[in-house]
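Report on the structure given below.
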Amino acid sequence: MKYILASASPRRKELLAQAGFAFDIIPADIEETISGGTPPEIVMNLARQKALHVCRTLSEDTCTVIGADTIVVYKDEILGKPSGRGEALDMLSLLSDRTHQVYTGVSLVTGSARTPVVHTFYEVTDVTFYPISRHDMQDYIATGDPFDKAGAYGIQGPFAIHVKCIKGDYNNVVGLPIARLYHELDRSAFHGH
């Protein structure tokens, strides 16, 4: 089975490669709009939109497109990618010394653009930060690392020193629940056809 990752994320690319998948990358060139519903519904909808968008651009129908989207949620507030330094600081201040959730939706689309078979799921991980000083937040923001990441942080970079504990799948926080993805592919009709 040929796989296509509908994401330009270097972190998702690395996770898929580490897991031994052979895949091409075709980023879903769509405007991400967070719309309605619960966090699981939101990330699954976004992942599905991305995967279907890429599926429609393909001429072959013998591959599986993998779409993914990650959001950070604190209480009922959804934190996407920060628009600038001020918003990054606000997000990190909100998450400091607290526990939040990271949701990643994954959508697997196989078959033709006309009759795609779609299987979508999500994973959630609890992440707790130590208290973070304003100075540390500003130092981190100055690295530029927060700007392409939901919640204004990347768990696998220089920000790792502020993460107190994780309950759930670490890779889900990075951006792709790779073990769950493998098992969903294994269980679903996509595998071996």
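Excluded from the calculations below are hydrogen atoms, water molecules and symmetry mates; all remaining heavy atoms, backbone and side chain alike, are included.
- Relative orientation of the Phe159 and Tyr153 rings is tilted, given thresholds of 30° and 60° on the angle between their planes.
- Between Lys50 and Ser7, every side-chain heavy-atom pair lies at or beyond the 4.5 Å cut-off.
- Residue Ala152 comes nearest to Pro82 through the heavy atom pair CB-CG, 3.8 Å, listed as atom of the first residue, atom of the second, then distance.
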Stepwise side-chain contact (heavy atoms from CB on, under 4.5 Å) test for Val174 and Glu14: CA-CA 10 Å; Val174 177; Glu14 200 175 299; over 6 Å; no

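- A 6.0 Å sphere centred on OH of Tyr122 holds no more than 12 heavy atoms belonging to other residues, nucleotides or ligands.
- Rounding to the nearest 0.5 Å places CD of Glu41 at 12.5 Å from OG1 of Thr120.
- Taking both residues in full, the closest heavy atoms of Ile25 and Lys13 are given as CD1-CD, 3.5 Å, listed atom of the first, atom of the second, then distance.
- Between Ala47 and Gly105, the shortest heavy-atom distance links the atoms CB-O, 3.4 Å.
- Nearest heavy atoms, Gly67 versus Ala6: CA-CB, 4.2 Å.
- Contact annotation: the side chain of Val65 never approaches that of Leu108 to less than 4.5 Å [non-hydrogen atoms, C-beta and beyond].
- Side-chain contact between Leu89 and Arg85 is absent, with no heavy-atom pair separated by less than 4.5 Å.
- Separating the CG atom in Leu15 from the CD1 atom in Ile178 is a distance of 6.0 Å, to the nearest 0.5 Å.
- Between Arg180 and Asp169 no salt bridge is recorded (no basic side-chain N to carboxylate O distance below 4.0 Å).
- Taken from CD1 in Ile166 to CD1 in Ile155, the straight-line distance is 3.5 Å, to the nearest 0.5 Å.
- Both Leu16 and Tyr170 belong to a common hydrophobic cluster when Ile, Leu, Val, Met, Phe, Trp and Tyr are linked at side-chain heavy-atom distances under 4.5 angstrom.
- The shortest distance between side-chain heavy atoms of Ile71 and Pro39 falls below 4.5 Å.
- Atom-to-atom distance recorded for Ser96:OG and Arg134:CZ is 11.5 Å, nearest 0.5 angstrom.
- Distance check, rounded to the nearest 0.5 Å: CZ of Arg98 to NZ of Lys75 gives 6.5 Å.
- The two residues Tyr140 and Pro158 come nearest to each other via the heavy atoms CE1-CG, 4.0 Å.
- Only one option out of Arg11, Lys81, Arg12 pairs with Thr70 in a side chain to side chain donor-acceptor pair (under 3.5 Å); it is Arg12.
- Around CG of Asp148, the count of heavy atoms belonging to other residues, nucleotides or ligands within 6.0 Å exceeds 12.
- We find the CG-CG distance between Leu181 and Asn172 to be 11.5 Å, quoted to the nearest 0.5 Å.
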Derivation of the side-chain contact (heavy atoms from CB on, under 4.5 Å) call for Arg48 and Val118: CA-CA 8 Å; Arg48 193 181 298 114; Val118 183; 3.9 Å; yes

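- A single hydrophobic cluster is not seen to contain both Ile26 and Ile30; linkage of ILVMFWY side chains at heavy-atom distances under 4.5 Å, directly or through other members, places them apart.
- Taking every heavy atom of both residues into account, Ala88 and Phe147 meet most closely at CB-CE2, 4.2 Å.
- Using cut-offs of 30° and 60° for the angle between ring planes, the Tyr3 and Phe21 rings count as perpendicular.
- Looking only at side-chain heavy atoms (C-beta outward), Glu123 and Asn171 stay at 4.5 Å or farther from each other.
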Residues Leu95, Val72; criterion side-chain contact (heavy atoms from CB on, under 4.5 Å); working and verdict: CA-CA 10 Å; Leu95 300 177; Val72 169; 4.2 Å; yes

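- Looking at heavy atoms from C-beta onward, His100 lies out of side-chain contact with Leu79 at the 4.5 angstrom threshold.
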Derivation of the side-chain contact (heavy atoms from CB on, under 4.5 Å) call for Asp29 and Glu31: CA-CA 7 Å; Asp29 188 21; Glu31 189 63 41; over 6 Å; no

